[in-house]
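Lettering follows sequence order; numbering is per chain, from 1. Bear in mind that the values here come from a model prediction, so they are computed numbers and not experimental data.
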There are 4 protein chains.
Amino acid sequence: MAERGRRGRPRSAEADAAIVAAATELLLRHGYGGLSMEEVAERAAVAKTTLYRRWPTKDHLAVAVVARLQEDDEITDTGDIRKDLTDYMEKVAGGLNRMRAAGRRPGEDSTSAGTVAELVAASGRHDDIAELRGRLYARRNALARELIERARRRGDLRADLDSEVLLDQLAGALYYRVLITGTPVDRAYAERLVAAALDGAL
Amino acid sequence: MAERGRRGRPRSAEADAAIVAAATELLLRHGYGGLSMEEVAERAAVAKTTLYRRWPTKDHLAVAVVARLQEDDEITDTGDIRKDLTDYMEKVAGGLNRMRAAGRRPGEDSTSAGTVAELVAASGRHDDIAELRGRLYARRNALARELIERARRRGDLRADLDSEVLLDQLAGALYYRVLITGTPVDRAYAERLVAAALDGAL
Amino acid sequence: MAERGRRGRPRSAEADAAIVAAATELLLRHGYGGLSMEEVAERAAVAKTTLYRRWPTKDHLAVAVVARLQEDDEITDTGDIRKDLTDYMEKVAGGLNRMRAAGRRPGEDSTSAGTVAELVAASGRHDDIAELRGRLYARRNALARELIERARRRGDLRADLDSEVLLDQLAGALYYRVLITGTPVDRAYAERLVAAALDGAL
Amino acid sequence: MAERGRRGRPRSAEADAAIVAAATELLLRHGYGGLSMEEVAERAAVAKTTLYRRWPTKDHLAVAVVARLQEDDEITDTGDIRKDLTDYMEKVAGGLNRMRAAGRRPGEDSTSAGTVAELVAASGRHDDIAELRGRLYARRNALARELIERARRRGDLRADLDSEVLLDQLAGALYYRVLITGTPVDRAYAERLVAAALDGAL
DNA sequence: CAGTAAACGAGACGGTACGTCTTGTCTTCGG
DNA sequence: CCGAAGACAAGACGTACCGTCTCGTTTACTG
């Protein structure tokens, strides 16, 4: 089965890299509002057409940049479910906190993470972005649920556990604090969170 | 220092009402992007000056509109903490679901709530909005925490309960589903959620 | 009948002047291709919106500029029809020659008048410009025809003269040389032209 | 010195034909602005490279297309100078009128001939086109002048006739009407024109 | 018949201007 | 002083085309 030779000039990998680099820089430094296609093109020494050939919209570019930034929060399974969940929560929190700093003058305590919200908002403006985000979180959550399932099968968690809700509670608490209440999220919080979820309130 | 009676023509209450009405209509119908100051002014038969005299920014107007829409999620205390929390969760979910529909053509299943995210994003753009939102959620959460505290004092919840985390878990799960994963949130889910939080995973 | 006071802020006369000045400069210096809305706006220290509020298109602006430049080729009637026609031809030729220089580096012998052609082309792209140009030339020719008619009534021209054709021959020859063949047009040529037209070829 | 046989693959005659056909179609149907290299390439099922290998510029292609369209306005010499000139004028007018229709929706009375002007404008943008056009009109006019000279030698025209001006008057009038005033040009007009030029105005 | 030179299809690329849009301010007149 | 009307500055957006380039492929002539 002969490899069907590609037609036409191939896309430039340099351009790709330069664009993403410039966009990342702008996004982290000046936030979503400070990310302009015009300036990305200029900084990447690339024509605007080259941007739009790859990403049909500023929103798409921004989402791609952030997706790359948060690419891999790997999940490790040590057999200690309490520790594994706490580690995972810390990784997720880390990703969020990195975005939290975006567009803030250093020292300024960013009470919320406008940039994260802007990206969620982008989902609302483009169905394809929404879909992409959906698949992304589905995959991510699937991995975490496997971790939980293994622990349950080992007998470390209740047999009738609602793993979907458990994940919502855990990840949700982080996003809620970062996006909505603007309260801090760190290792200590991750521990309290996992403890509360595992032990219950009764 | 004598009371310095207001000079000049007083602000028109009709204008206020017309503006908020028009803005609400646009926001719910066409989403945040479809809310333009120009069009609000036209529909309210009001000059743009009049808008900006009252709200310094489109973001401020939008936030004000939404704040009005979600004004009152009252908390009731029947003594049955499981039921009370479930009711409260359902109210919060209701508010979110109402925003979820914004800007969607009827029938279209809105996987996420772009408009909610836009408003969170607005917080990231204006410190005063962030502050306002902070105070709003602080008050709201304070009420919910009182409910929990009363239950604990009655002995219905663990003595060493981390009530801050409990609320994060509950509200967070809702926001997470609405904003991030785009999964549905209804009475049934509220029940599962409260059950999981109260009973724990172990 | 009371003058109905204009509503809203009136258009800025300074902006008008600055725009036309900048556009004229660019058009004459760099030709039609060198006239860019972007640069006109910058040079006039004016927003692009201000340009487009006045002229819906680059073509419209360019035409307006040129119309202003050629505004008044007055016709004088001394009673000597040969002299009057020659003078008029010279004036028309002057206007054309001024456009001929547009966009040419000094010293460069412009064989044709691209800019004039660009403006005629603009008529082909916008019906309203075509109409405007039609009215302009109608008025211009009407004045010239009056001159001719007076001469005929005096008995200085044939009684059965076709004055429409006479004008076409005269003005046409000038435009033909400037636009098509690229041959020069000056006072001497104007004299030959009028002589030939009045005396006939037989 | 032996004929140094061409190296490499010869140019495709099919491509040539397809390109010119597509370009002609587009130019006549949608005018100069509607003639885009991109679309010519697509319609001719040819790569853009193939276009630019033959014509360095869109302007060059357009000019070539039109040159082909107006290739031959042959001049016939019957000995009756009035008739011969009228016939020639009619042929020239025919060519212009064909261009006049370009880019017009059928039925729409094209007051002017934007496409002709666009081509003249193209001369202003490329010296080689200007030169080409110069040579073209020189040859054309030379033939017409020979016709006139023969008539003069026969004694059918004044001995001191200015044949250059005579031609400017005749052709100029046609172009002037088509390009500038937008008035119609037909056989009847050609007759009036030749009559006026031959008989004079005095 | 193998080698090579050029044409060719496909499509990415840099560049540039266009015309549109929206925000928030400013200026005028009138109540 | 408020309001209505609308002009204004600023600046990004996404589109369109041009003419150039870089691939891989095809078609001739040539040694």
The contact string for nucleotides 2-8 of chain E, one letter per nucleotide 5' to 3', using protein heavy atoms under 4.0 Å with B, S and - for base, sugar-phosphate only and none, comes out as ---BBBB

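- Here C/Glu25 pairs with C/Arg29, C/Arg43 under the side chain to side chain contact (heavy atoms under 4.5 Å, CB included) rule; sequence neighbours left out.
- A sub-4.0 Å separation between OP1 or OP2 of F/dG19 and a side-chain N or O of D/Thr57 is present.
- Whole-Å rounding puts the C/Tyr52 OH to F/dC8 P distance at 16 Å.
- Note: CH2 (A/Trp55) to P (F/dC13) measures 14 Å, nearest angstrom.
- Remark: D/Ala121 pairs with C/Ala117, C/Glu118, D/Arg125 by the side chain to side chain contact (heavy atoms under 4.5 Å, CB included) rule, at least two apart or across chains.
- B/Arg133 places none of its side-chain heavy atoms less than 4.5 Å from the side chain of B/Leu119.
- Atom NZ in A/Lys58 sits 5.5 Å away from atom CG in A/Leu35 (nearest 0.5 Å).
- Residues meeting the side chain to side chain contact (heavy atoms under 4.5 Å, CB included) test with B/Val46, sequence neighbours left out: B/Ala15, B/Ile19, B/Ala44, B/Thr50, B/Leu51.
- DNA chain F lies under 4.0 Å from no heavy atom of any residue of residues 33-43 of chain B.
- For the pair A/Thr57 (side chain) and A/His60 (backbone), a donor-acceptor distance under 3.5 Å is absent.
- For the pair C/Leu51 CG and F/dG11 P, the computed distance is 16 Å after rounding to whole Å.
- Scored by the salt bridge (charged side-chain N to carboxylate O under 4.0 Å, His left out) test, B/Glu42 finds no partners at all (sequence neighbours excluded).
- One can place CD1 of D/Ile19 at 12 Å from C1' of E/dG9, the figure rounded to the nearest angstrom.
- For residues 11-24 of chain D, the set of pairs meeting the salt bridge (charged side-chain N to carboxylate O under 4.0 Å, His left out) definition, not counting sequence neighbours, comprises D/Asp16-D/Arg54.
- In this structure, CG of B/Leu61 is placed 14 Å from C1' of E/dG24, rounded to the nearest angstrom.
- Residues passing the salt bridge (charged side-chain N to carboxylate O under 4.0 Å, His left out) test with A/Lys48, sequence neighbours excluded: A/Glu38.
- For the helix from E/dC1-F/dG31 to E/dG31-F/dC1, the rotation axes defined at the first and last 5 base pairs enclose an angle of 10°, given to the nearest 10°.
- Residues D/Ala122 and D/Val63 come closest through the heavy atom pair CB-CG2, 4.5 Å.
- Rounded to whole Å, the distance from NE2 on C/His60 to P on E/dG19 is 10 Å.
- A search for side chain to side chain contact (heavy atoms under 4.5 Å, CB included) contacts involving D/Thr24 returns D/Val20, D/Leu28, D/Val65, D/Leu69, not counting sequence neighbours.
- Between the P atom of F/dT15 and the NZ atom of A/Lys58 lies a distance of 15 Å, rounded to the nearest Å.
- Among the protein residues, C/Lys48 comes within range of the nucleic acid bases, having at least one heavy atom under 4.0 Å from a base atom.
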